Every structure is written in C-alpha cells, then in structure tokens.
Amino acid sequence: MRKFELIAPCHFGLEAVLKKEIIELGYDITSVEDGRVTFFGDEEALCRANIFLRTAERILIKIGSFKATTYEELFQATKALPWEEYIPKDGKFWVAKAASVKSKLFSPSDIQSIMKKAMVERLKGVYHTNWFDEDGEHFPIRVFLMKDEVTVGLDSTGDSLHKRGYRKLTAKAPIAENLAAALIMLTPWNKDRILVDPFCGSGTFPIEAAMMAANMAPGMNRSFRAENWSHIIGKNIWYDAFDEARELVDMSVEPDIQGYDIDGSMVAIARENAKLAGVEKMIHFQKRGLEQLSHAKKYGFIITNPPYGERLEEKKDMPALYTEIGRKYKELDAWSLYMITAYEQAERDIGRKADKNRKIYNGMMKTYFYQFMGPKPPRREK
Ligand code: SAH
C-alpha cells in the first residue's frame, strides 16, 4: 500500500478532540497545529478517515511543504512537487483555497494563480504537451501558509465532511454537524445517559448523539471526491471501508435522547432530518418551549446551542432567556449543562459561573462552550 501523510483541518479550538479520534481510528499523529491535525496512513486510512471521523472538516493528502518568502520561491518549490503522482493528463486541477497567517506571501488570489502556473509547467514537462483539456477528474488543492512555511494538500473529500447527507433542511443558525459532534465528545455523555437539547432547531445535537449511540459512521451515506481517483485508490478499498462502517452499526440501542423547540416547524424539520439519518427511532422530538422543560430522572445532560441574539431585535430578549435557562437548570436534579453561545453575558444571567469554559471559533465568530458539571451517578451494583 502507498503511504501518505494526511492532513485533517478542523474547527479552531477542537484539535485535541480530532487528534483523539484519529488515534482511536488507529493512526499515528505527526503534528497538531492550529486548525489541523496531520497523521500517517495508507489508502485504507484515507477512506476510513473520510468515512469515520466525526470532527474533521476534510481529508487532504499532503503533497509537500516548503519555505517561501517570494513568489519566485513559491513557483519553483511548487513546480518541484511530484504532481504527476496524483494528477493524470486529463485531470482538472486548481488551488481551491489558500490561507495565509503571519507570512510574507498573503494574497490568496496571487498564491492560487502562481501555484497553478507552476503545476502546469511541471505537468507540461512530464506529459509532453502544451495544452491540458482538464476534462477528467477533479483535483482541488488547498494551501496553508504559516510563518512562510507552505503546506500543500490535495482534497480527497469534496463537499465538506460536516455534510453527512441527513440535513436537507436547516434552522436559521444551524450548528455545523462536525462541531456539534466535537462538543458532544468534549462532554462525558455516552449512550447510557440522558441527553436533552431544549433548543434543538434542525436537530443537529440529538441526531449526532444518536449516530454515536448507534455507532453509525458519519460518512457512511455520502460520497467522496477521491472515490473517482481509481489510479490512486482502488475501488475495493472504498467498498471495504463502507462495509466496515455498515457492519459496525448497532440499531438495537435505546438511548434516551430528546429534542425540543418552541417552533413547531423546526421540530418537523428535525424529525425529517433524523429520518434521513436513520435514527428517528432513537430520538423523541417535541414542540415545547423552554419554560416547559423538566425531567423526572437524575444525572442527565443538556447539550445545546441557544439563541444568542444574532439579530438586533432579539438582543433585548437574551437576559430573560438566559435567566430562564439558569432557573430551569437549577430545577433539574444532578444534571450537567453544556452550552455553546456567542452571548457574552451567559454566565451572569444564568447566575452561576461555568466549571469550565472553552473558546471555540465557529467560522469567524468567537463563541464559548460553557460547561456546568453535575455530579457523577453512583456506580450501579452488578
Ligand atoms: N442547534 C440548532 C440551532 C439552534 S437555533 C441546529 O443545529 O439547527 C436556536 C433555536 O432555539 C431555534 O430553533 C429557536 O426556534 C429555538 N428557541 C428560541 N427560543 C426558544 C424557547 N424559549 N424555547 C425553546 N426553543 C426556543
């Protein structure tokens, strides 16, 4: 099998969760940087990473890395990379995204066009042609510049991995599926514990949790760009990875997962999405406002993404809403509350300081993941 170095970008602040997932999938980490984790793997690893990782954004094959402070250096070093090992003569290739941090070269469009020219020059020499029709498979390149160090990756994923395929309809401000999964993984929740999302919107938290409970791989019902790269990865390797995912699913689990929303149309959407994900039997969705939140059992988890006043006219409602969250949480016996929000006064209005608080970038928006930890349930006697 061919050995690769694979790069998995993720949300800023969630590198440790992704790293743990990759190790558990069986691969060796080579580096962890802001917003990405790099690891070693073969073709099988590439397929399995795409299908099984819940918190990655995509999987790139690392083509190379080098230092460049001038466009001439960027051109020469890009041209020196072995592009022909990946891109066939009829391949369509382009630099889909360039991100630059603390580097002399910072204009994404210049980086993109210079690198494309360098790739053309390289492949002209290899394929002995002056013209590429580019009417074959697609090979999008992604580049990161960090302190003048250029890292070049080939995107094997296509549509971002947060698109599991189940969320055809969304709320106004849906949380990305891979972010929701990462946040659940940051809590001690497991399928034997109660989970309630009182602001469930399109159902992302309950659905991601149910998929975890059923051991359902997030990518088992979608396709990936690299499935068409049969010169790099044999079809049978993809089939084996999809088979593995299907065999691992356990539909016999009966987790206690609930999603509520004050908006009945959102509840209908959440149900539809859960059905598409194949987990509708594992979740109880209901139209219910926060003021009706209660639960007879102890030791449950609220994992949620409340409104944060994104629109000006909603801002004034936030203190009352978060005060109510605090009041409802207090009524629940021995529960834990995990909440991601951009609302800055959350702790003040809830009336309690979080036990832990983690800063997470949701795109460009700074948000906080507040963690109010309840007591652990007593060990059950066997
Ligand atoms: N995480 C969700 C998005 C949540 S947006 C997703 O991924 O789709 C916040 C949700 O809270 C909205 O759907 C809104 O209808 C709901 N909401 C607002 N006020 C509420 C209240 N008082 N009680 C219950 N739900 C409320």
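Read the numbers this way: they start at 1 and go in the same order the structure lists the ligands and their atoms. Keep in mind it's a predicted model, so treat the numbers as computed, not measured.
At a 4.0 Å heavy-atom cut-off, ligand 1 touches Cys200 through the backbone alone. Contacts with ligand 1 closer than 4.0 Å are made by backbone heavy atoms (N, CA, C, O) of Arg288 only, the side chain lying farther away. Using a 4.0 Å cut-off between heavy atoms, Ala270 makes no contact with ligand 1 at all.
By the 3.5 Å distance cut-off applied to N or O atoms, Leu290 is counted among the residues near ligand 1.
Counting heavy atoms of neighbouring residues, nucleotides and ligands inside a 6.0 Å radius, atom OH of Tyr127 exceeds 12 of them. Remark: Glu254 CD is loosely packed, at most 12 non-hydrogen atoms of other residues, nucleotides or ligands lying under 6.0 Å away. Surrounding NZ of Lys67 are more than 12 heavy atoms belonging to other residues, nucleotides or ligands, all under 6.0 Å away.
Each of the following atoms of ligand 1 lies closer than 4.0 Å to a heavy atom of Ile175: 1 (N), 6 (C), 7 (O). The atoms of ligand 1 that sit less than 4.0 Å from any heavy atom of Pro198 are 24 (C), 25 (N). Close approach of ligand 1 to Pro174 is summarised as follows: ligand atoms under 4.0 Å from at least one heavy atom of the residue are 6 (C), 7 (O), 8 (O). Heavy-atom proximity to Asn305, at under 4.0 Å, picks out these atoms of ligand 1: 1 (N), 2 (C), 3 (C), 4 (C), 9 (C). The contact set between ligand 1 and Asp263, taken as ligand atoms under 4.0 Å from a residue heavy atom, comprises 15 (O). Remark: ligand 1 atoms within the under-4.0 Å shell around heavy atoms of Met266 are 13 (O). Ligand 1 places these atoms under 4.0 Å from at least one heavy atom of Thr204: 6 (C), 7 (O), 8 (O). Of all the atoms in ligand 1, the ones that sit under 4.0 Å from a non-hydrogen atom of Ser202 are 6 (C), 7 (O), 8 (O).
Of the options Ile269, Ile340, Asp261, the smallest heavy-atom separation from atom 10 (C) of ligand 1 is shown by Asp261. Scanning Ile262, Thr341, Asp317 for the heavy atom closest to atom 25 (N) of ligand 1 points to Ile262.
Under the 4.5 Å side-chain heavy-atom criterion for ILVMFWY residues, a single connected hydrophobic cluster contains both Ile111 and Ile141. Both Val37 and Leu46 belong to a single network of hydrophobic side chains, linked directly or stepwise wherever heavy atoms of I, L, V, M, F, W or Y lie under 4.5 Å apart.
Side-chain contact, Glu177 with Thr204: no donor N or O sits under 3.5 Å from an acceptor N or O.
Remark: Tyr368 engages Tyr370 in a ring pair (Phe, Tyr, Trp, His ring centres under 6.0 Å) (not counting sequence neighbours). In this structure Asp256 satisfies the side chain to side chain contact (heavy atoms under 4.5 Å, CB included) test together with Ile194, Gln258, His295, Lys297, sequence neighbours excluded.
Under a cutoff of 6.0 Å and an axis angle of 45°, Arg36 and Phe144 form a cation-pi pair.
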